[in-house]
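Below is one structure, written out as structure tokens; the observations come after it.
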2 protein chains.
Amino acid sequence: MIDDTTARRQVVEAADRLFYTRGVQAVGMDAVRAEAGVSLKRIYSLFPSKDDLIVAVLRHRRQMWDAGIAASAERAATAREKLLAVFDFLDGWFREPDFRGCAFINAYGELSGGSENVRRTVREQKEAFGAYVAELVRAAGAPASLAPQIAILAEGAQTTAAILGGPEAAAQARDAAETLLDAALEKTPL
Amino acid sequence: MIDDTTARRQVVEAADRLFYTRGVQAVGMDAVRAEAGVSLKRIYSLFPSKDDLIVAVLRHRRQMWDAGIAASAERAATAREKLLAVFDFLDGWFREPDFRGCAFINAYGELSGGSENVRRTVREQKEAFGAYVAELVRAAGAPASLAPQIAILAEGAQTTAAILGGPEAAAQARDAAETLLDAALEKTPL
DNA sequence: TTGCCATGAGAACGATCGTTCTCTAGAGTA
DNA sequence: TACTCTAGAGAACGATCGTTCTCATGGCAA
């Protein structure tokens, strides 16, 4: 028998694939069982309910998001370049053939009416991303008011790319962010 | 008996309220019947399926959105002010107590995996809004590349306001749009 | 080998869904 | 008044969901 950690990972990754592709409510627990190769009994011993599994999937998505952003930032030298690297990360993501928008936004739209846990988990990841951007804005020497503007650009790029179906929004948002950065640094010289 | 036009309107408005508040899949047709005061038989004679009703609701939402944007633009004199008026409209909307994000984005996240009709209807409204912004950008004498940037700000403000739960994103996006407008017009003088 | 216990496969359960059907009551007409 | 037709109320249907339960199987201790 596979150990709990492995089973847990298999279930979360399988559910993530299915949820992201088809939507959460459209995927039954039996489909998760088939995709993960883990029995229903085992799944329910690892996750007390589907709601808990959804939250675990969102946490897993957040780890992947954080890792992707961090990897993209590593290749940048300055805080300004790290900020713009966010949009380079988005650009690569938008070009993946199975890109279907931000899983957090999708889950929020689908489940926020029903699950408080989902609402909170989604809000937490958006707040964490906002804090990440705010820290880079501070390091770049720009006024704090720039941070939410950049975060809004990143959010908007994700929904625009999902709905219109092309990667262009990433470059457009990146250009806008660059303009905003230039304007902010101009007003706040060293 | 009420005529078809009235019944249709009652059903669409009732469904809109329920779908927007609780999510589409969480609302059964029987709940729509109760809220609208129109029998199931009648509903199914007006809309062949729930999918058709969803599309009708989205079209209704689009009319309300277009009207709101137009009313906000009417109070503005120049093209530049009309562009910024979009964010004033958003600001008022975000402050409504039952604001729960953009119905189109929510529907897309919830249903795009299953319904081609929903996908297309959502895409159409985003494209229409993009065209509206593009026309104003042109009238303002700014380069065309500014238009998608402003549209992305509007999209991002909507999801940010929905998830974080405050109206601040509207003013933040408005400030960003103003900065982008200034920078664009500076580079492209008359 | 024998008994035991945990496990997985999948049937079962109760709820709910979208959709259709039945039945009844009432309006309109001759 | 008697007949017809329509529409509404809601039961019914088949499917599917999340969750639980049953039962056969196979490893493991003695």
Side-chain angles (χ1 to χ4, degrees), chain A residues 1-58 106-107 110-118 121, chain B residues 1-12 14-58 106-107 109-118 121:
Chain A
M1 192 194 69
I2 54 180
D3 63 297
D4 276 7
T5 305
T6 304
R8 204 180 177 88
R9 184 170 46 80
Q10 284 181 7
V11 170
V12 167
E13 288 177 355
D16 181 61
R17 281 192 298 274
L18 296 175
F19 290 170
Y20 185 64
T21 310
R22 305 190 212 160
V24 176
Q25 310 207 67
V27 172
M29 293 296 278
D30 199 64
V32 174
R33 173 201 59 78
E35 175 86 5
V38 174
S39 75
L40 271 181
K41 194 177 188 176
R42 192 84 188 277
I43 294 179
Y44 274 95
S45 80
L46 295 168
F47 306 96
S49 72
K50 191 183 184 182
D51 203 61
D52 295 276
L53 174 57
I54 296 167
V55 169
V57 166
L58 289 176
N106 292 347
E110 184 171 357
L111 304 167
S112 75
S115 168
E116 165 63 26
N117 287 331
V118 170
T121 307
Chain B
M1 192 195 69
I2 54 179
D3 63 297
D4 276 8
T5 307
T6 306
R8 206 182 176 87
R9 185 171 45 81
Q10 285 182 10
V11 171
V12 167
D16 181 61
R17 282 192 297 273
L18 295 175
F19 289 171
Y20 185 65
T21 311
R22 305 190 212 159
V24 175
Q25 309 206 69
V27 172
M29 292 298 276
D30 199 65
V32 174
R33 174 202 58 78
E35 176 86 4
V38 174
S39 75
L40 269 181
K41 196 179 189 177
R42 192 83 189 278
I43 294 179
Y44 274 96
S45 81
L46 294 168
F47 307 96
S49 71
K50 190 182 185 182
D51 204 60
D52 294 276
L53 174 58
I54 296 167
V55 169
V57 166
L58 289 177
N106 292 348
E110 184 172 358
L111 304 167
S112 74
S115 168
E116 165 63 25
N117 288 330
V118 169
T121 308

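Order of the sequence lines sets the chain letters (A, B, ...), proteins ahead of strands, with each chain counted from 1. The basis for the numbers below is simple: all heavy atoms, side chains too, and nothing from hydrogens, waters or symmetry mates.
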| query | CG of A:Asn106 to CG of A:Leu58: how many Å apart, nearest 0.5 Å? | reply | 10.5 Å
| task | Kindly determine whether A:Gln10 and A:Ile2 satisfy side chain to side chain contact (heavy atoms under 4.5 Å, CB included), including the steps that lead there. | result | CA-CA 10 Å; A:Gln10 284 181 7; A:Ile2 54 180; 3.8 Å; yes
| query | Heavy atom of residues 33-49 of chain B under 4.0 Å from DNA chain D: which residues? | reply | B:Ser39, B:Lys41, B:Arg42
| For the student: nearest non-hydrogen atoms of A:Lys50 and A:Val24, plus distance | NZ-O, 3.2 Å
| said: How many whole angstroms separate atom NZ of B:Lys50 from atom C1' of C:dT19? | reply: 12 Å
| Rounded distance [0.5 Å steps], CD in A:Glu13 versus CD in A:Glu35 | 10.5 Å
| Separation of atom CG in A:Asp30 from atom P in C:dA11, rounded to whole Å | 10 Å
| remark: From CG of A:Asp52 across to P of D:dG18 the rounded distance in Å is 14 Å
| said: Rounded to the nearest 0.5 Å, what separates atom CG in A:Leu111 from atom CG in A:Asp51? | reply: 8.0 Å
| remark: Rounded to whole Å, CG of B:Asp4 lies from C1' of D:dA7 at a distance of 12 Å
| said: Need one value for B:Val32: base, sugar-phosphate or nothing, where a base atom within 4.0 Å counts as base even if backbone is also close, heavy atoms only. | reply: nothing
| Carboxylate-amine/guanidinium contact A:Asp3 A:Arg8, below 4.0 Å | no
| Which sits closer to the 5' end of DNA chain C, A:Ile2 or B:Ala26, going by the nucleotide each is nearest to? | A:Ile2
| request: Rounded to the nearest angstrom, tell me the gap between atom CE in A:Met29 and atom P in C:dG14. | output: 20 Å
| Taking atom P of C:dC17 as reference, at what distance in whole Å does atom CZ of B:Phe19 sit? | 12 Å
